[in-house]
Amino acid sequence: MSYPVETVRHSLAHVMAAAVKKLYPDVKFAGGPAIENGFYYDFDTEHRFSEDDFAQIEKEMKALIKSDGRFEKRIVSLDEAKQIFANQPYKMEWLNEYDANGQELSIYSFRDFVDLCRGPHVASSKDLPKDAFKIRSVAGAYWKGDSKNKMLQRIYVDAFLSADELNDYLKMMEEAANRDNRKLGRDMDLFHFEPDYAPGAVFWHDKGYKIYRKLIDYVRMRQEHAGYLEISTPSVMDRSLWERSGHWAKYGEHNYSGKTQDGKTFCVKPMSCPGGMLVFGQGIKSYKDLPLYLAEFGKVNRYEAAGGLSGLMRVREFTQDDAHIFCTEEQLETEVVKVLRFIKDIYSKFGFDKISMKLATRKNSEFRIGSDEIWDKAEGALRHALEANGIEFEIAEGDAAFYGPKIDNYLKDSIGRIWQCGTIQLDMNLPERFDLSYIGEDGEKHRPIMLHRAMLGSIERFMGVLLESTAGVLPLWLSPEPVVVVPVSEKYREYALRVVDELRNVGVYARADLRDEKVNYKVRELSLSKTPIIAVVGEKEMNDLSVTLRYFGNEKQDVLKLSEFVKQMADNIKMPK
RNA sequence: GCCAGUUUAGCUCAGCUGGUAGAGCAUCUGAUUUGUAAUCAGAGGGUCGUUGGUUCAAGUCCGACAACUGGCACCA
């Protein structure tokens with residue numbers, strides 16, 4: 001019979017555990033779930049796993065699969081389970097915390113490996129495909145996901161129902177490497193990093209910076225239409241500001257700060273919010289001013305843990321398309337919905353039609369501020385805004401910020417990792433700390449509700465995701481160099497320059513490739529660097545004032561009158577409304 | 001920060017069990033004046049991540065540190 005892929009994956013996890021037990025008898029087992037594209041299992045053993053072990057483990061697994069071992073389920077009592085797993089400290093820890101709650105406790109045995117497990121499993125190992133899995137990697141992982149606990153060794157395995165599916169997947173992953181933002185950054189001459197001088201900080205080259213600016217320009221244009229006011233606040237401010245905001249206590253060690261000659265401590269801003277609060281605090285605000293939208297493209301610096309840095313996706317210096325929305329309690333839900341729709345619309349312009357939303361709810365932490373009652377209300381408001389508008393979302397329990405719940409949206413990179421981009425956060429902390437108020441209809445002072453929001457999130461990360469999703473082939477309006485003009489020989493240089501000039505006159509950034517090389521060579525090179533349009537000009541084009549066009553990814557050639565082409569391009573590079 | 005791996009020319013990589021470095025592409029120079037994915041020839045270019053150590057001798061062996069890659073933790 002055939003089983004669902006999750007069942008196969010999870011059964012294979014048991015097979016791997018059995019194989020590892022055979023090879024390293026001292027091993028202690030933690031757990032091994034099925035995941036997207038495969039499964040993993042966490043082990044604790046003196047032996048340090050490395051790639052060199054993979055072949056042997058795989059071989060052992062295949063032998064076990066062939067052996068027709070049965071997966072046998074048994075319902076046991078808690079006491080019985082504790083006897084069985086007496087030598088397995090991780091299973092024991094789990095059992096000691098186990099609250100039966102009316103549920104049955106089941107164990108599965110496969111050969112001499114017994115695991116606490118709800119199942120389900122295949123009946124016999126011969127139901128498992130023996131050539132549709134491959135060990136991917138070994139990595140550290142904390143027991144129970146807590147860095148205070150011991151680090152275990154996690155072996156990741158890619159697993160599918162058939163060898164073809166596995167091979168397709170491996171091939172896809174291999175191709176994904178070509179879309180890696182770091183590789184595209186180099187190949188397309190967009191940016192680079194200087195690990196010796198500024199790990200995790202981007203050096204934008206001309207072309208990369210053009211894209212970066214266009215992203216900002218686009219968001220700026222859109223939010224100005226929507227009534228946002230753009231401000232700019234200082235990059236370096238006294239430490240006392242972040243003490244006041246509460247961020248110093250929680251994130252102090254992740255800040256860049258330093259002492260001045262007169263003994264003061266200044267801090268490079270890790271976030272723009274406190275600055276925004278100070279701007280709101282200027283003058284007296286009326287209820288008629290609300291909702292008030294203060295936006296800032298704020299460059300922020302955070303000393304992120306070295307192990308967390310990753311290309312454009314996770315950097316230490318980045319720009320947020322930040323905004324703070326001040327409103328009344330009654331306006332809150334409407335404002336949340338507006339932002340949700342805004343984000344959805346903006347994302348669609350970049351081709352992201354499916355975005356995953358998560359409602360991040362409170363976690364118990366010493367830093368959390370606000371009573372349960374306030375949290376109930378805040379979480380309820382966000383949830384209602386999502387539900388009432390039919391927006392699909394997941395709950396991310398415990399993912400809230402210390403000052404309030406949030407709705408985050410996530411985009412995937414080329415190998416399927418998800419990254420938080422846009423966010424809407426309800427802040428129950430800052431208005432209080434900065435004693436913000438507005439005068440209500442009743443003539444009394446009231447505390448405004450404050451929402452943080454970022455749409456792209458970080459320009460850096462968003463560009464990383466965008467590059468990977470498009471493989472570097474950006475829509476014309478975002479392309480840093482939409483047209484390169486290639487003269488067939490020296491004789492047509494002047495005409496090539498004229499074409500460039502006419503394009504630039506209408507705001508199309510074009511350049512001529514005047515190098516002493518063959519057309520073949522230039523077409524190859526420009527194609528490799530993902531130039532969207534190559535315009536070749538020679539005798540024919542010069543005589544009838546035309547261009548021969550080659551579009552990226554298409555070998556077909558188009559001939560257009562120069563005037564027509566210029567007009568078309570001027571249209572094509574316009575930002576979407 | 002933690003676990004594993006990696007670090008050799010601008011890029012991609014080779015250098016076996018130690019005997020002071022190679023290739024292709026790129027770059028530069030010359031020739032060529034080119035019609036849609038690499039024109040030919042020549043030349044230059046590396047204190048082998050940094051730093052200690054072992055050794056007569058270290059790219060190669062050992063240690064520390066840093067960075068990078070994949071995970072974990074973190075992510076205001």
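- If you check B:U39 for Watson-Crick or wobble pairing at under 3.5 angstrom, you find it paired to B:A31.
- Counting non-hydrogen atoms under 4.0 angstrom, A:Lys540 reaches a base of the nucleic acid.
- Nucleotide B:C25 forms a pair with B:G10, judged by Watson-Crick or G-U wobble geometry with both contacts under 3.5 Å.
- Counting only N and O atoms by type, the side chains of A:Glu541 and A:Thr548 include a donor and acceptor under 3.5 Å apart.
- Using a 4.0 Å heavy-atom cutoff across all strands shown, A:Ser245 reaches no nucleic acid atom at all.
- Nucleotides B:A57 and B:U20 place their P atoms 14 Å apart, quoted to the nearest Å.
- An OP1 or OP2 oxygen of B:A37 is reached within less than 4.0 angstrom by a side-chain nitrogen or oxygen of A:Arg550.
- Between the side chains of A:Asp53 and A:His47, at least one donor N or O lies within less than 3.5 Å of an accepting N or O.
- Of all nucleotides present, none satisfies the Watson-Crick or G-U wobble test against B:U20 with each distance under 3.5 Å.
- Relative to the ring axis of A:Phe39, A:Arg9 does not place its NZ or CZ within 45° and under 6.0 Å from the centre.
- Under 4.0 angstrom from either OP1 or OP2 of B:U36 there lies no side-chain N or O belonging to A:Asn520.
- Look at CG on A:Leu526: it is 11 Å from C1' on B:U36, rounded to the nearest Å.
- To the nearest whole angstrom, the two P atoms, one in B:U50 and one in B:U7, are 13 Å apart.
- When the P atom is compared between B:U8 and B:G59, the two are found 15 Å apart, to the nearest whole Å.
- In this structure a side-chain-to-backbone donor-acceptor pair under 3.5 Å is present from A:Lys91 to A:Ala30.
- With hydrogens and angles disregarded, a donor-acceptor distance shorter than 3.5 Å links the side chain of A:Asp513 to the backbone of A:Arg515.
- Look at the C1' atom in both B:U27 and B:A38: the space between them is 16 Å, to the nearest Å.
- Within the shown strands, B:G53 is the pairing partner of B:C61 under the Watson-Crick or G-U definition, both distances less than 3.5 Å.
- Side-chain N/O atoms of A:Thr233 and A:Lys269 include a donor and acceptor closer than 3.5 Å.
- Residue contacts for A:Glu194: at a heavy-atom cut-off of 4.0 Å it reaches no nucleic acid atom on any strand shown.
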Q: Report the C-alpha distance between A:His205 and A:Phe203 in whole Å, list the side-chain angles of each, state the deciding distance to 0.1 Å, and finish with yes or no for ring pair (Phe, Tyr, Trp, His ring centres under 6.0 Å).
A: CA-CA 6 Å; A:His205 299 8; A:Phe203 286 73; 8.2 Å; no
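- A straight line from OH of A:Tyr495 to P of B:G35 spans 18 Å, rounded to a whole angstrom.
- Atom-to-atom, NZ of A:Lys150 to P of B:A4 comes out at 12 Å; the value is rounded to the nearest Å.
- Atom CD in A:Glu517 sits about 16 Å away from atom P in B:U36, given to the nearest Å.
- For the C1' atoms, the distance linking B:U17 with B:C61 amounts to 12 Å, nearest Å.
- As judged by a 4.0 angstrom heavy-atom cut-off over every strand, A:Leu152 is placed among residues making no nucleic acid contact.
- Within the 3.5 Å criterion, the main-chain N or O of A:Phe402 finds no donor-acceptor partner in the side chain of A:Lys363.
- Inspection of the A:Tyr90 and A:Asp42 side chains reveals no N or O donor paired with an N or O acceptor under 3.5 Å.
- Note that A:Lys358 lies in the cation-pi zone of A:Tyr410, set by a 6.0 Å cut-off to the ring centre and a 45° limit from the axis.
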Any protein N or O atoms within reach of nucleotides 10-13 of chain B? Criterion: under 3.5 Å, listing atom names and distances.
residue : atom : partner  : partner atom : Å
B:U12   : OP1  : A:Arg186 : NH2          : 3.2

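- In this structure, A:Tyr521 atom OH and B:C40 atom C1' are separated by 14 Å, rounded to whole Å.
- Whole-Å rounding puts the A:Asp558 CG to B:G35 C1' distance at 16 Å.
- When the C1' atom is used for both B:C16 and B:G22, the distance is 15 Å, rounded to whole Å.
- Base pairing annotation: B:C2 forms a Watson-Crick or G-U wobble pair with B:G71, both donor-acceptor distances under 3.5 Å.
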**Q.** B/S/- contact track for nucleotides 64-76 of chain B, protein heavy atom under 4.0 Å
**A.** ---SSSBBBBBBB
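- Looking at A:Trp419 and A:Asp413, their side chains do bring a donor and an acceptor atom within 3.5 Å of each other.
- Nucleotides B:G19 and B:U60 are separated by 11 Å at their P atoms, to the nearest Å.
- When the P atom is compared between B:G30 and B:U12, the two are found 30 Å apart, to the nearest whole Å.
- Here the C1' atom of nucleotide B:U36 and the CD atom of A:Glu525 are 14 Å apart, to the nearest Å.
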